[in-house]
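Written out below as structure tokens is the structure these notes cover.
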Amino acid sequence: MATDRTFSLSTTRSGVTHRWSQTLIPTAREAPSDAETPSHILLSRAGFIRKVAAGVYDYLPLAWRTLTKISAIVRQEMDDAGSRELFMPVIVPMEFYSETRRHEAYGPLLFQLDDRKGNRIALGPTHEETITEMVKGSVNSYKQLPLSLYQIQTKFRDEARPRAGLLRCREFIMKDAYSFHVAIDGPGGLNDGYDAMYKAYVNIFTRCGLDFTVVEAESGPIGGSASHEFMVNCASGEDTILKCPVSGYAANVEKCEIGERPRGAFIEPPTGELTEVHTPNLPGIEEVGKFMKVKPDRMLKTIVFQVTGPAQSDGPAPAHKWIIAAVRGDHEVNEGKVKAMSGYAVQLAEEKSARAAGFAIGYVSPRTINSVPGTLLLIDADASLGGFWATGSDEPDHHVKHFNWRRDVGAALDDISRVKVGDLRNALAGDPSPRSPGARLETGRGIEVGHIFKLGTKYSDAMGLKVLDQQQKQQAVIMGCYGIGVSRTMAACVEMSHDDNGIIWPAPIAPYHVLITLMKPDDPRQQETARTLAASLADRGADVLIDDRDERPGVKFKDADLIGLPVRITIGDKALEQGGVELKARRDPGKGEVVAMADVTGRCVTLLQAG
RNA sequence: CAGGGUGUAGCUCAGUUUGGUAGAGCGUGUGGUUUGGGUCCACAAGGUCGCAGGUUCAAAUCCUGUCACCCUGACCA
């Protein structure tokens with residue numbers, strides 16, 4: 001159907017009308033064998049995506065329409081939040097990383113290639129360097145700030161293991177935004193810009209029709225709640241999120257604090273003689289526990305970290321070389337908490353050097369605080385309690401029973417420069433909430449679709465992005481950066497919203513709003529009805545797909561459910577004889593109902609506005 | 001990167017153990033039939049058996065190498 005292209009200053013949005021026979025929607029009864037997750041299976045079967053290589057996909061017409069709609073919402077909200085769109089190249093010259101050294105941080109994740117002159121080139125995994133370089137050449141004065149810029153671009157990351165279709169790709173579409181400020185606080189400061197982005201993100205994901213949770217994520221260099229992740233709630237999500245039902249506090253596992261827990265005073269008497277047990281060839285806590293007939297929650301897991309420097313680059317030199325972190329056997333050490341409690345930058349100890357220093361890796365006990373010089377012992381509250389404990393014996397293939405803090409570690413426990421007790425492990429469901437006394441944390445799963453954080457001067461320092469401030473002094477620009485996985489959002493939406501028969505699109509990001517199915521595509525009366533309805537719907541801004549294929553009804557209905565457009569209108573003789581057509585919302589079960597012709601458009605619009 | 005697995009028609013797979021020159025279902029095309037939830041029938045097109053080398057009279061099948069892809073884990077600003 002021809003659209004009126006006459007020139008006008010502003011166009012009232014009118015919907016499109018497309019015919020199935022004129023677009024490419026290769027639906028399939030079976031999904032490719034490598035598809036396992038619902039979004040991968042359904043997007044493949046419904047003809048949205050095709051795999052080109054591992055983690056690389058074609059976006060077919062339906063997918064592209066949805067991606068365009070997500071992008072349109074992103075653009076509107078970003079523009080409203082004062083950010084301006086630009087477009088930067090995929091190609092990043094390797095020189096851009098010479099100062100930030102991020103190619104080292106990224107490692108093999110960075111796609112690289114050589115041009116014909118032998119120059120090394122990267123395919124951008126994100127664009128901090130490119131935009132910092134660009135702004136450096138264009139902004140010199142505080143008067144030009146604050147500034148916020150964004151783009152929607154294809155990004156490249158050579159993931160070790162792409163998986164789950166669009167959820168973890170090597171080539172994907174991302175909206176990335178960067179903000180530039182002279183101050184952290186006050187009008188126009190980083191915090192202002194960050195809050196504006198936070199609100200824009202809430203608007204974006206709400207408008208997309210997603211069920212999502214905003215969680216606190218690992219803080220940036222500025223501290224506080226400087227980073228948030230936007231997670232689509234869905235059981236198949238890769239990430240665990242924790243929520244306090246009373247205060248509304250939510251955080252990811254890396255970040256989640258745990259409320260006050262009882263801790264030991266190290267005065268309990270031993271439960272028995274320290275007994276050594278031969279435990280050969282047992283790789284994990286689980287196996288060792290079974291062998292010794294001790295439950296994991298009665299074992300102490302002792303993890304060795306090495307100190308790599310002060311927590312802040314300008315901090316004092318570390319007084320320790322090693323950190324041993326003791327948690328209950330059924331708990332997991334949280335590296336961020338090890339950092340926070342120790343005040344050092346740390347990494348998991350390299351096995352060779354740790355052995356050389358005297359740690360029997362795999363069999364370490366807290367007693368090594370007394371045997372390896374320069375060691376700091378951190379104990380999780382739950383592990384500091386009294387009672388029976390089993391732990392390593394500090395020699396290969398042996399563990400001990402009846403470990404007792406006071407008897408076996410001794411006076412070091414009273415020296416706060418050598419031993420600290422606190423929150424050291426990943427939070428779990430049922431843990432005390434850190435924000436609301438008496439409340440318990442709950443867990444859920446999520447898919448990360450957005451991430452915002454405060455960068456501070458990390459890039460401007462490294463790359464020399466400075467402006468002259470009001471006092472005519474050079475000052476490093478303070479930055480924030482804000483990402484949305486556009487293609488991942490589409491997949492996350494399918495994960496969140498589908499049934500056995502197919503996708504169930506929320507109206508705002510459905511490829512089309514209404515599917516008009518002709519039972520007899522050759523029947524002039526049905527054709528005329530379809531044309532009339534489509535024109536009327538398009539007038540109201542609805543995008544319409546007309547299934548004009550000469551297929552059996554069963555095939556058309558199955559395909560309709562599969563591609564998941566929010567509203568289906570079926571034009572057939574039965575309803576026409578009653579002076580109407582059949583109307584059905586995708587999310588409603590059953591057959592739909594016959595609606596009088598005059599009411600159809602109104603009913604559709606109502607259904608679509610409801611989501 | 002470690003461990004496991006798979007590459008045969010557009011898709012899902014059988015055939016490989018025991019070598020003899022390639023099959024099914026779905027999909028596609030043609031004809032008929034059927035017409036409100038993946039009709040039924042007939043005929044047809046479609047495959048360098050991932051790639052390279054080797055053994056053999058003969059290789060999808062055995063051997064060697066290589067590439068790709070998948071799963072679990074590690075990793076994931």
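For the numbers below, each heavy atom of this structure counts, side chains included, while hydrogens, waters and symmetry mates do not. Here is the naming used below: chain letters follow the sequence lines, and residue numbers restart at 1 for every chain.
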Looking at the side chain of [X], which of [options] is the nearest nucleotide?
{"X": "A:Val555", "options": "B:rU72, B:rC69, B:rG38", "value": "B:rG38"}
{"X": "A:Asp559", "options": "B:rA77, B:rU28, B:rG38", "value": "B:rG38"}
{"X": "A:Glu36", "options": "B:rC71, B:rG37, B:rC69", "value": "B:rC71"}
{"X": "A:Pro32", "options": "B:rC11, B:rG38, B:rG37", "value": "B:rC11"}
{"X": "A:Arg552", "options": "B:rU39, B:rC70, B:rU12", "value": "B:rU39"}

Residue whose closest nucleotide on RNA chain B lies nearer the 5' end, A:Tyr106 versus A:Asp561: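 Closer to the 5' end of RNA chain B: A:Asp561.
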
Upstream residue (5' side of RNA chain B) when A:Arg163 and A:Ala54 are each assigned their closest nucleotide: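 Comparing both residues, the 5'-ward one is A:Ala54.
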
When you measure from the side chain of [X] to the backbone of [Y], do you find a donor-acceptor pair of N or O atoms at a distance under 3.5 Å?
{"X": "A:Lys556", "Y": "A:Arg549", "result": "yes"}
{"X": "A:Ser148", "Y": "A:Ser179", "result": "no"}
{"X": "A:Lys558", "Y": "A:Arg29", "result": "no"}

Any pair counted as side chain to side chain donor-acceptor pair (under 3.5 Å), so long as it reaches residues 510-521 of chain A, sequence neighbours left out: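 Every pair satisfying side chain to side chain donor-acceptor pair (under 3.5 Å) with a residue in residues 510-521 of chain A: A:His18-A:Tyr512, A:Lys520-A:Asp573.
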
When the distance from [atom1] of [X] to [atom2] of [N] is rounded to whole Å, what number comes out?
{"X": "A:Tyr57", "N": "B:rC69", "atom1": "OH", "atom2": "P", "answer": "11 Å"}
{"X": "A:Glu332", "N": "B:rG73", "atom1": "CD", "atom2": "P", "answer": "12 Å"}
{"X": "A:Lys175", "N": "B:rA77", "atom1": "NZ", "atom2": "P", "answer": "17 Å"}
{"X": "A:Glu30", "N": "B:rU28", "atom1": "CD", "atom2": "P", "answer": "14 Å"}
{"X": "A:Asp239", "N": "B:rA77", "atom1": "CG", "atom2": "P", "answer": "10 Å"}
{"X": "A:Ile25", "N": "B:rG27", "atom1": "CD1", "atom2": "C1'", "answer": "17 Å"}
{"X": "A:Glu551", "N": "B:rG29", "atom1": "CD", "atom2": "C1'", "answer": "14 Å"}
{"X": "A:His40", "N": "B:rC11", "atom1": "NE2", "atom2": "P", "answer": "13 Å"}

Sugar-phosphate only, base, or nothing, as touched by A:Arg50 at under 4.0 Å among non-hydrogen atoms: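 The residue A:Arg50 makes no contact with any strand.
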
Touch class at under 4.0 angstrom, heavy-atom based, for A:Ala560 against every strand present: nothing

In whole angstrom, give me the gap between the [atom1] atoms of [N] and [M].
{"N": "B:rA22", "M": "B:rA59", "atom1": "P", "result": "12 Å"}
{"N": "B:rU6", "M": "B:rG25", "atom1": "P", "result": "25 Å"}
{"N": "B:rG38", "M": "B:rC70", "atom1": "P", "result": "34 Å"}
{"N": "B:rC41", "M": "B:rU34", "atom1": "C1'", "result": "11 Å"}
{"N": "B:rC43", "M": "B:rG54", "atom1": "C1'", "result": "43 Å"}
{"N": "B:rU18", "M": "B:rC1", "atom1": "P", "result": "34 Å"}
{"N": "B:rG20", "M": "B:rC71", "atom1": "C1'", "result": "36 Å"}
{"N": "B:rC40", "M": "B:rG46", "atom1": "P", "result": "26 Å"}

[N] phosphate, OP1 or OP2: any side-chain N/O from [X] under 4.0 angstrom?
{"X": "A:Arg29", "N": "B:rG27", "value": "yes"}
{"X": "A:Lys51", "N": "B:rC70", "value": "yes"}
{"X": "A:Arg161", "N": "B:rU72", "value": "yes"}
{"X": "A:Ser33", "N": "B:rC13", "value": "yes"}

For [N], the Watson-Crick or wobble counterpart (both distances under 3.5 Å):
{"N": "B:rC43", "result": "B:rG29"}
{"N": "B:rU56", "result": "none"}
{"N": "B:rG7", "result": "B:rC67"}
{"N": "B:rA77", "result": "none"}

A:His40 side chain to A:Tyr57 side chain, donor-acceptor N/O pair below 3.5 angstrom: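 Indeed, the side chains of A:His40 and A:Tyr57 share at least one donor-acceptor pair under 3.5 Å.
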
Distance-only donor-acceptor check, side chains A:Glu128 and A:Thr126, under 3.5 Å: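 Result is yes, a qualifying pair exists.
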
Option passing side-chain contact (heavy atoms from CB on, under 4.5 Å) with A:Glu448 (candidates A:Val215, A:Leu167, A:Asp239): A:Asp239

For A:Arg552, side chain to side chain donor-acceptor pair (under 3.5 Å) partners two or more places apart: none

Donor-acceptor pair (no angle test) under 3.5 Å: A:Arg157 side chain, B:rA77 base: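 Yes.
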
